[in-house]
Amino acid sequence: MYICLFIHSNHTPRCVYLHCEANSNTGSGTSQSKLILHFVGMGFPEKLVAQAIEENGEGNSESILETLLTYSVLENSPQQQKPSDSDHSSSDYYENFDDDLSDSYSWSEDEESTDSLPIKDKTVLALAKMGYTTDEASIAMERCGPGSSIAELTDFICAAQMAKAADPFLLDEEKPKPKRKFFENELWKRKRHRGCDRRMTFEDGETIRLPNPMIGYGVPTELCPTPYRSLPEGAMGPPYFYYENVALAPKGVWDTIKRFLYDVEPEFVDSKYFCAAARKRGYVHNLPINNRFPLLPLPPRTIHEALPLSRRWWPSWDTRTKLNCLQTCIGSAKLTERIRKALEDHQEGEPPLHVQKYVLDECRKWNLVWVGRNKLAPLECDEVEMLLGFPKNHTRGGGISRTDRYKSLGNSFQVDTVAYHLSVLRDLFPGGVKLLSLFSGIGGAEVALHRLGIPLKTVVSVEKSEVNRNIVRSWWEQTNQKGNLIDFNDVQELDGDRLEQLIHSVGGFDIVIGGSPCNNLAGSNRHHRDGLEGKESSLFYDYFRILDLVKCIMAKR
DNA sequence: GCTACTATGAAAATAAGT
DNA sequence: ACTTATTTTCATAGTAGC
């Protein structure tokens, strides 16, 4: 039996996910017995499963799992008797479970004896008894919100510990090493072990460094031979996968992402080699890298080519040829007004150097372009659409506000860049692809594949924002797609059962594409740049969870 | 409720200098 | 090689007005 324990953190109710290959024997029987079989297949004892189903009802398998996991935390239950299988990875997990749970604490007892305490204190106490520091507990409570389950909180703490441990700079600190308790599971160990091995071969704690120039395995506009790369065995498809996020994430983030995504080296590419705006991103994928080809026509690659009207007003001392990263917000009118005034004070000739510096700094910070004499302005929505490689008016209409257009666009792929990487799929799937698109946004991946001439046979798309779903749906209809577009609101809807169902009806996915939220990683975020464990950015773990499930389910077929 | 608008640095990579 | 300076960054929170 193969058991993959996945742990992640998030403020929303979620469970630790387990699945295995040996639980496919869901032939006949009542729905209840099927359900029991399902959880027993995950390694839970039948007695507990029956109890959990009774408590939660048959309908809600997620809360059943939650309950089961809570049991597992609370009791040194027979569940820890690992399957007497030969699989070592699961045994590691269960051994730890045993060791760590043998401490004599009991959640339910605490609950009785500390009834007088506020719930918060009670929870902190419980976590402290489990070996976590009160600091860790408080932070977790704060971040996960009141009413979070113990399982969620411990998930959170564990995830935070993993992130810290993955950071070589933090390892050296004099801080006592956090206890990992039973969360030192198979997955964590496996990944961490690999990470250490790697580091050993690289002398001092080597972390992922960004390449300079940031051209990944090559870009169409620079002459360079395509290097050879060999993928780790665990990364081989099917399905193919393609993951994206900001390159300039806090330290250690890409190391963690890489470890989860089967140790595949990220490909860092700046979209300034594809269009007139910079966009430094990391892509982790298992696609072939030979014989890529770009979308045609090649988009304009300088500001002047992209925005010919601005040329007339562009002063010679503004030496920019590329725009900086297109973000979700634009410069204010007040700012452009301040700049105009500063410039008008010096009509004759060029403004003094300190004014030039001030203006240029603001131009770079806000991606302002010249639209008149001494007149600067932020980019228009349709200009952003064009720069990112979307069809004109892609995000226009249908009730979307201007602010939301900027936001959706700023969070999107640069289509030409992604298309270049995905172009190898055209020969691999001449009949078209079946795509699982997570965090689809405004459909950058779909647009890229379509423009590459790769038919979209099926697209299962998951996107939280309704306006974004509408944009994709509307694009789907306007481009007369022949395939089937199925959309979901939340990645949480895609649990093992749903995926199995989908894969069964669709016939498997050819590629899983997704760029998980970056807002807790992005440098522009002054308030909550919390790293991969942040509220939204931790959804990366759902990308991994779903990808890994798809991998496992498809391997069974 | 929605929408537009504005003020709000820090972390980390890169460039430049010694 | 080391230090210092410069550059860049898929954003959030609060407010005002409708």
Side-chain angles (χ1 to χ4, degrees), chain A residues 167-170 204 207-214 243-255 268-272 275 277-283 319-320 322-339 356-358 360-368 377-381 384-385 387-390 395 399-415 417-418 439-445 463-468 514-532 534-537 539-540:
Chain A
D167 188 335
F169 294 101
L170 281 173
D204 57 343
T207 50
I208 291 178
R209 288 182 60 107
L210 301 179
N212 189 8
M214 200 182 278
Y243 174 80
E244 178 260 11
N245 216 319
V246 291
L248 282 78
K251 277 185 176 170
V253 165
W254 276 107
D255 299 86
F268 292 102
V269 182
D270 189 339
S271 293
K272 74 177 182 184
C275 68
R279 205 168 189 79
K280 298 177 182 64
R281 296 293 181 269
Y283 305 88
T319 54
R320 291 176 296 161
K322 302 272 185 186
L323 293 161
N324 278 337
C325 185
L326 305 171
Q327 308 201 86
T328 56
C329 296
I330 60 170
S332 68
K334 282 260 169 63
L335 174 66
T336 54
E337 171 72 0
R338 280 197 295 269
I339 294 176
Q356 286 184 21
K357 167 122 175 75
Y358 161 69
L360 271 181
D361 282 349
E362 297 297 330
C363 282
R364 291 201 176 97
K365 190 188 294 181
W366 292 105
N367 263 333
L368 304 176
L379 293 165
E380 285 296 320
C381 293
V384 180
E385 276 172 355
L387 287 161
L388 288 175
F390 287 93
T395 59
I400 187 172
S401 74
R402 207 176 140 78
T403 312
D404 281 346
R405 281 183 81 184
Y406 281 116
K407 188 172 174 187
S408 292
L409 285 161
N411 283 314
S412 169
F413 288 163
Q414 206 288 326
V415 171
T417 312
V418 171
F439 315 105
S440 306
I442 57 175
E463 170 57 39
K464 189 103 185 152
S465 152
E466 192 187 346
V467 288
N468 284 350
S516 62
C518 69
N519 51 349
N520 304 125
L521 311 178
S524 336
N525 190 340
R526 283 135 151 99
H527 300 91
H528 298 105
R529 195 182 187 188
D530 303 329
L532 204 54
K535 194 173 161 190
E536 285 84 21
S537 292
L539 288 169
F540 157 73

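To find a chain, count down the sequence lines: A is the first, B the second, and so on, and within it residues start at 1. All values reported here derive from a predicted model rather than from experimental measurement. Quick note: numbers below take in every heavy atom, side chains included, and nothing from hydrogens, waters or symmetry partners.
- With hydrogens and angles left out, the side-chain atoms of A:Ser408 and A:Asn468 include a donor and acceptor closer than 3.5 Å.
- Of the candidates C:dA13, B:dA4, C:dC10, the closest approach to any side-chain atom of A:His527 belongs to C:dA13.
- Within 4.0 Å of A:Ser537, counting heavy atoms only, lies no atom of the nucleic acid at all.
- When the nucleotides C:dC10, C:dT12, B:dA13 are ranked by their closest atom to the side chain of A:Leu210, B:dA13 comes out on top.
- Residues forming a salt bridge (charged side-chain N to carboxylate O under 4.0 Å, His left out) with A:Arg320 (at least two apart in sequence, or on another chain): A:Asp318.
- Here A:Arg281 lies in heavy-atom contact (under 4.0 Å) with a base.
- As judged by a 4.0 angstrom heavy-atom cut-off over every strand, A:Asn212 is placed among residues touching the sugar-phosphate backbone only.
- Closest to the A:Asn519 side chain, of the nucleotides C:dT12, C:dC10, B:dA4, is C:dT12.
- Every residue meeting the salt bridge (charged side-chain N to carboxylate O under 4.0 Å, His left out) condition with A:Lys464, not counting sequence neighbours, appears here in chain and number order: A:Asp490.
- Put simply, the side chain of A:Asn245 does not reach to within 4.5 Å of the side chain of A:Phe540, judged on heavy atoms.
- Applying the side-chain contact (heavy atoms from CB on, under 4.5 Å) rule to A:Glu244 yields the partners A:Arg281, A:Tyr283, A:Phe413; only residues at least two apart in sequence or on another chain are considered.
- Rounded to an integer number of Å, the gap from CH2 of A:Trp366 to C1' of B:dC5 is 11 Å.
- Atom C1' of nucleotide B:dT8 and atom NZ of A:Lys365 are separated by 10 Å, given to the nearest angstrom.
- Across all strands shown, A:Arg338 has heavy atoms under 4.0 Å from sugar-phosphate atoms exclusively, and none from any base.
- Look at OH on A:Tyr406: it is 12 Å from C1' on B:dA4, rounded to the nearest Å.
- For C:dA11, the OP1/OP2 oxygens have a side-chain nitrogen or oxygen of A:Gln327 closer than 4.0 Å.
- Side-chain N or O atoms of A:Asn367 include one that pairs as donor or acceptor with a backbone N or O of A:Cys325 at under 3.5 Å.
- Of the possible donor and acceptor atoms, none in the side chain of A:Asp270 sits under 3.5 Å from a partner among the backbone N and O of A:Met214.
- For A:Ser401, the listed nucleotide lying nearest its side chain is B:dT3; candidates were B:dT3, C:dC10, B:dT6.
- Spacing of C1' atoms, C:dT9 relative to B:dT8, comes out at 15 Å, to the nearest Å.
- A distance of about 22 Å separates the P atoms of C:dT8 and B:dA7, rounded to the whole Å.
- Distance, A:Lys251 NZ to B:dA11 C1': 9 Å, rounded to whole Å.
- At a cut-off of 3.5 angstrom, counting only N and O atoms as typed in the model, there is no donor on one side facing an acceptor on the other between the side-chain of A:Arg526 and the base of C:dT12.
- Of the candidate nucleotides C:dC10, B:dA4, B:dA11, B:dA11 has the atom lying nearest to any side-chain atom of A:Arg529.
- A:Thr403 has a side-chain polar atom (N or O) that falls below the 4.0 Å cut-off from OP1 or OP2 of B:dA4.
- Straight-line distance from the CG atom of A:Asn525 to the P atom of B:dA7: 19 Å, rounded to whole Å.
- Consecutive Watson-Crick or G-U pairing (both distances under 3.5 Å) extending over three or more pairs maps onto DNA chain C as B:1-8 with C:11-18, B:10-18 with C:1-9.
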Nucleotide N/O of nucleotides 1-8 of chain C paired with protein N/O under 3.5 Å:
unit_1 : atom_1 : unit_2   : atom_2 : d
C:dT7  : OP2    : A:Lys357 : NZ     : 3.4

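- One can place CD of A:Glu362 at 15 Å from C1' of C:dT9, the figure rounded to the nearest angstrom.
- For A:Gly399 and A:Ser524, each mapped to the nucleotide of DNA chain B holding its nearest heavy atom, the one lying further toward the 5' end belongs to A:Gly399.
- Judged by distance alone, the side chain of A:Glu463 and the main-chain N or O of A:Ser465 form a donor-acceptor pair under 3.5 Å.
- Proximity note for A:Asp404 (side chain, C-beta onward) versus B:dT3, B:dA4, C:dC10: the nearest is B:dT3.
- To the nearest whole angstrom, the two C1' atoms, one in C:dT6 and one in B:dG9, are 16 Å apart.
- Heavy-atom distances to DNA chain B give each of A:Ala249 and A:Ala333 a nearest nucleotide, and the one nearer the 5′ end belongs to A:Ala333.
- Between the A:Arg279 side chain and the A:Leu326 main chain, a donor and an acceptor come within less than 3.5 Å of each other.
- For A:Arg338, there are no side chain to side chain donor-acceptor pair (under 3.5 Å) partners, not counting sequence neighbours.
- Between the NZ atom of A:Lys407 and the C1' atom of B:dC5 there is a distance of 15 Å, rounded to whole Å.
- The closest donor-acceptor contact from the side chain of A:Asn520 to the backbone of A:Glu536 lies under 3.5 Å.
- Across the protein-nucleic acid pair, A:Glu337 atom CD and B:dC5 atom P stand 14 Å apart, rounded to whole Å.
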